[in-house]
There are 2 protein chains.
Amino acid sequence: MTTPTLDPDGPVPLYEQLAEILRGQIRSGALPPNRPVPSETTLQQQYGIARDTVRHSLRLLREEGLVVTVRGKGTYVADRA
Amino acid sequence: MTTPTLDPDGPVPLYEQLAEILRGQIRSGALPPNRPVPSETTLQQQYGIARDTVRHSLRLLREEGLVVTVRGKGTYVADRA
DNA sequence: GCCCATTTGTACGTATGTATG
DNA sequence: GCATACATACGTACAAATGGG
């Protein structure tokens, strides 16, 4: 499982690129329901982006109902994502 | 019209305090429909907070349908706010 | 109950890009 | 071209919640 790379120069914002990657991993089952998404710190290091950008991506997924975030614990793939 | 003050030490986040102020101004008619909300820079200076915090407040109001934001123009009170 | 590491939340600052007028 | 305004993205610091030892 190689980590996909983001394109900082393309027309698609980094937060949208990461969101799309995570959507794919959720849909494919690589990130199964009720399992934690990698932490914000992990994602920011894996993709070499700012935490601000990671949080923007996760906020989108929350609004889409794909993930649920619990303070102090983590962000989890939703039950019926 | 004095500018209300925010309490940085209280339990309510600054972005929520500002959101509540703006909600009140919208409901009272002080900010009428189709009129611009003060710009992010203006709000950040008026209340002595970061632009990040202002944007968080405005994002809440957008999600509530109270305002509409147009890039390069400004943020406007929604029609049926 | 008390530390401690981890994780998310809030808030600050700065720089640059893009759209409007 | 220029000024204004929002969008994206980077950085930092500290607070608050969780869970383990």
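Residue numbers begin at 1 in each chain, while the letters A, B, ... track the order of the sequences. Quick caveat: nothing in here was measured; it's all calculated off a predicted structure.
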Within the 4.5 Å heavy-atom criterion, are A:Val67 and A:Ile26 side-chain neighbours or not? yes
What range of DNA chain C does chain A touch, first nucleotide to last, counting atoms under 4.0 Å from its heavy atoms? C:dT7 to C:dT10
Do B:Gln25 and B:Leu22 touch side chain to side chain, with heavy atoms closer than 4.5 Å? yes
Give me the residues of residues 43-53 of chain B where at least one heavy atom lies under 4.0 Å from an atom of DNA chain C, by number, or none. B:Ile49, B:Ala50, B:Asp52, B:Thr53
Would you call A:Val54 and A:Tyr47 a side-chain contact if the rule is heavy atoms closer than 4.5 Å? no
May I ask you to check whether over 12 heavy atoms, not counting those of A:Arg35, lie within 6.0 Å of atom CZ? no
Mind checking whether A:His56 and A:Glu16 have side chains closer than 4.5 Å, heavy atoms only? no
Check: B:Thr75 side chain, B:Thr69 main-chain N or O, donor-acceptor pair, under 3.5 Å: no
Closest-nucleotide mapping onto DNA chain D: is B:Thr42 or A:Val54 further toward the 5' terminus? I mean the 5' end. B:Thr42
Taking A:Arg55's backbone N and O only, do any of them form a donor-acceptor pair with A:Glu40's side chain (distance below 3.5 Å, no angle check)? no
With respect to the side chain of B:Thr75, which nucleotide from D:dC6, D:dT18, D:dT8 is positioned closest? D:dC6
Between A:Pro13 and B:Leu58, which residue's closest nucleotide on DNA chain D lies nearer the 5′ terminus? B:Leu58
